[in-house]
Amino acid sequence: WVKMPRAEAVHPDAAVVAFAVGATLLTGALAGLLPAMSATGDGILSALQDSSRSVGGSGQRVSLRKTLLMIEVALTVMLLVCAGLLFKSFVRLRSVDIGCATKNVLTMSYFLRGEKYANPQQMAALHTQLLAKVRALPGVAAAGLTNVVPGDGYYGDSDVVVAEHPPLPPGDHSDALFRTADPGYFSALQIPLLRGRVFSEEERLDRDQFVVINRTMANTFFPGEEALGKHLKVTFGGRQRLYEIIGIVGDTPFALEQAVRPMMWFPIFSTNLTGITNDAALAVRSRGDVTALALPIQKAIASLDPDLPVTRVLTMEQILGESTATSSFSATLLLLFAGLSLLLAAVGLYGVLAFLVTQRTTEIGVRMALGARREQVMKLVLIDGLKPALWGLTIGLAASVAATQLIQSVLYATRPLDAGVYAAVTAVLLVVAGAACLLPAWRAARIDPMQALRLE
C-alpha cells in the first residue's frame, strides 16, 4: 500500500460528507435529466415513429449517446496520459543514483541540549565516545556523523565568498548548503572522494578551518580552475570566517525531486559552529540486515546519556521512500482514477453499441436477407462503435498536450510530451475499445434474418 502523506491529518467531517452527498445527488440529477427531457413532448411521437421497420432509434438520441461517449473517452485519455507521466516520473525518481550507499544503512538523529553540552568540548567528547562504541558493535562495517544525511531535507544554507576572487557586484551573493561531518562520514556512506582529502582526526575544536565541497560547488564556484587550496569566506550567525578547501566529493541530493545544489561540509568536532554541531545524525552501514543494529545503537547512546533524545530511526531506503511519498501517492491515485475511467468508458462503449444493435435488429436482418455476409455486418457494427472511441482518443490526445503542461513542474526526468506514454495510452485505449465493441458486433453477426424479420 502507498502511504498517504500526512495521513494522520486527514479525517472525515461534515463538510466532506456534505460534499460527497451533494456530488452524488447532482450527478444523479444530471444523468437523469436528458432521458427525462427526451421522454416528454414530441419525444413520444418520435419514439413511436422510430419504432417502424426502417431504423430502430432516434438519430438525435443516437448522436447524443455517441457524443457523450466521445467526451468520456477523451477525458479517460487525458487521465491516462497524466497518470502515465506521473508514474514514469516516480519510477525514475526511485531509481535515481543518489551518489552514496543506501542498502543496509541505518540513520538516527540526536540533539545536544542543556548544561551537559554547554561548550564544544563536551559535544565533541560525546560524539567521539559514541562513534567508538558504535564502530565496535558486531556487524557494523562503518559509522559516521553528519547533521543531515542525503535525501533527508534542505536544513539550511550560508552566504559564501571566494577569497581569491574579485568581490561580487553590490546586491549579488552566492550561497551553498552547509553540512557537518566527522572524518569517517564519507567512507561510511561511500560518498566518493574525487580530489584532495577529507577531514583528519586532528582537525577539530579550534583546528576547524577546513571545508570539503561537492563536485557541483567546485564546478559552480571554480569553473575552469582548481578549487583545492582556495579559501571560502562563510557567514554563520552574522560572523564571517575563512575556510580552506581540502577536498572535493561526489554529489548527493538534499531531496530526490530537487536538483543537486552546491554543498559544503565542516568538521562536526568544531568550536566555532555552535548551534550547527548540536544536531547530529548517525549513519551506520552494516554487513547484513542493518535494522538488527537499531536497538544496540540506541542502548549505546543511552549508556552515554540516558536523557539524550533520539529521533528518526530510519534506514536510508525508508528516508528515500519518505522523499517520494507525495509523488508515489499522486501517481497511484491518478492511476486508480484513470483505471476506473477506462473501465467506465469500456462499459459505456459496450452498453451503447449493444443498445444500438438491439435497436437495429430489424435493419441488420434486412441487410442479411438481401445478401450481406456476417463478416460485413460485424465490420459495420465495429466501425460504428469505434468511431466515437477514435474521435474521443484524438480529442483526448490533443487536450493532453495542454493538460500535461500543468503537471510539468512535478515531473522528474520526464518530458510532458513523452512519446512512449502517449503510444502506450493509445494502444491501451484501442485494445479496450475493440474488446468492448467486439461482443455486440459478434452478436449482430449471429442474428437470424428470419427471426429478426418476424420481430417486426
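Sorted by first and then second residue, the salt bridge (Lys or Arg N to Asp or Glu O under 4.0 Å) pairs involving residues 183-203 (not counting sequence neighbours) are Arg195-Glu226, Arg197-Glu203, Glu201-Arg204.
The structure places CG of Leu232 at 8.0 Å from CG of Leu242, a figure rounded to the nearest 0.5 Å. Rounding to the nearest 0.5 angstrom, the gap separating the OG atom in Ser400 from the CG atom in Leu393 is 9.0 Å. The distance from atom OH of Tyr155 to atom CG of Leu177, rounded to the nearest 0.5 Å, is 12.0 Å. One distance of note links CG of Leu85 with CD1 of Ile407; it measures 5.0 Å at 0.5 Å rounding.
With a 4.5 Å cut-off on side-chain heavy atoms, Glu115 and Gln122 do not count as touching. Looking at Val161 and Phe221, their side chains never come closer than 4.5 Å, going by heavy atoms from C-beta outward. Side-chain contact between Leu228 and Ile248 is present, with heavy atoms from C-beta onward closer than 4.5 Å. Using a 4.5 Å heavy-atom threshold, the side chains of Pro253 and Gln258 count as separate. Side chains of Leu126 and Tyr117 form a contact here, defined as non-hydrogen atoms less than 4.5 Å apart. Looking at Leu429 and Leu342, their side chains come closer than 4.5 Å, going by heavy atoms from C-beta outward. Taking the side chain as every heavy atom from C-beta outward, Val211 and Trp265 never approach each other to under 4.5 Å.
For Glu225 and Lys230, the salt-bridge test passes: some basic side-chain N is under 4.0 Å from an acidic carboxylate O. Using a 4.0 Å cut-off between charged side-chain N and carboxylate O, Arg179 and Asp157 make no salt bridge.
Of the residues Leu189, Val290, Val149, the one that meets the side chain to side chain contact (heavy atoms under 4.5 Å, CB included) test with Val105 is Leu189. Each of Val77, Leu397, Leu80, Val81 was compared with Thr426 under the side chain to side chain contact (heavy atoms under 4.5 Å, CB included) criterion, and only Leu397 meets it. Considering Thr220, Asp175, Asn214, Thr216 in turn, Asp175 is the only one that fulfils the side chain to side chain donor-acceptor pair (under 3.5 Å) rule with Arg261.
Within the 3.5 Å criterion, the main-chain N or O of Asn147 finds a donor-acceptor partner in the side chain of Thr180. In this structure a side-chain-to-backbone donor-acceptor pair under 3.5 Å is present from Thr76 to Glu72. In this structure a side-chain-to-backbone donor-acceptor pair under 3.5 Å is missing from Asp159 to Thr235. Judged purely by atom type and a 3.5 angstrom limit, Arg135 uses its side chain to pair as donor or acceptor with the backbone of Ala143. Arg285 places a side-chain N or O within donor-acceptor distance of the main-chain N or O of Ser187, the cut-off being under 3.5 Å. When atom types are taken as modelled, the side chain of Gln318 and the backbone of Leu314 share no donor-acceptor pair closer than 3.5 angstrom. Side-chain atoms of Asp279 do not come within 3.5 Å of backbone N or O of Phe111 as any donor-acceptor pair. Formation of a donor-acceptor pair under 3.5 Å by the Ser174 side chain with backbone atoms of Val160 is not found in this model.
Residues passing the side chain to side chain contact (heavy atoms under 4.5 Å, CB included) test with Lys88 are Arg92, Thr414, Asp418, Val421, sequence neighbours excluded. In this structure Lys116 satisfies the salt bridge (charged side-chain N to carboxylate O under 4.0 Å, His left out) test together with Asp305, Asp307, sequence neighbours excluded. Shown here are the side chain to side chain contact (heavy atoms under 4.5 Å, CB included) partners of Leu79, two or more places apart in sequence or in another chain: Leu334, Ala338, Ser341. Looking at residues two or more places apart in sequence or on another chain, you find a ring pair (Phe, Tyr, Trp, His ring centres under 6.0 Å) between Phe222 and His165.
The two atoms that bring Ile213 and Ala227 nearest to each other are CD1-CB, 4.1 Å, heavy atoms only. Considering all non-hydrogen atoms of both residues, Ala389 and Ala433 come closest at CB-CB, 3.9 Å. Closest non-hydrogen pair, Met316 versus Pro150, comes out as CE-O, 3.6 Å.
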Which pairs of donor and acceptor atoms, one on a side chain in residues 344-355, lie under 3.5 Å apart (sequence neighbours left out)?
from: Tyr350; atom 1: OH; to: Arg443; atom 2: NH1; distance (Å): 3.2

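For Phe178, the CZ atom sits in a packed shell: over 12 heavy atoms of surrounding residues, nucleotides or ligands are nearer than 6.0 Å.
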Open item on the list: Using ring-ring contact (aromatic ring centres under 6.0 Å, His included), reason through Phe266 and Phe199 one step at a time and then give a plain yes or no.
Closed with: CA-CA 9 Å; Phe266 302 92; Phe199 306 120; 8.2 Å; no

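The aromatic rings of Phe269 and His127 are tilted relative to each other, their planes meeting at an angle between 30° and 60°.
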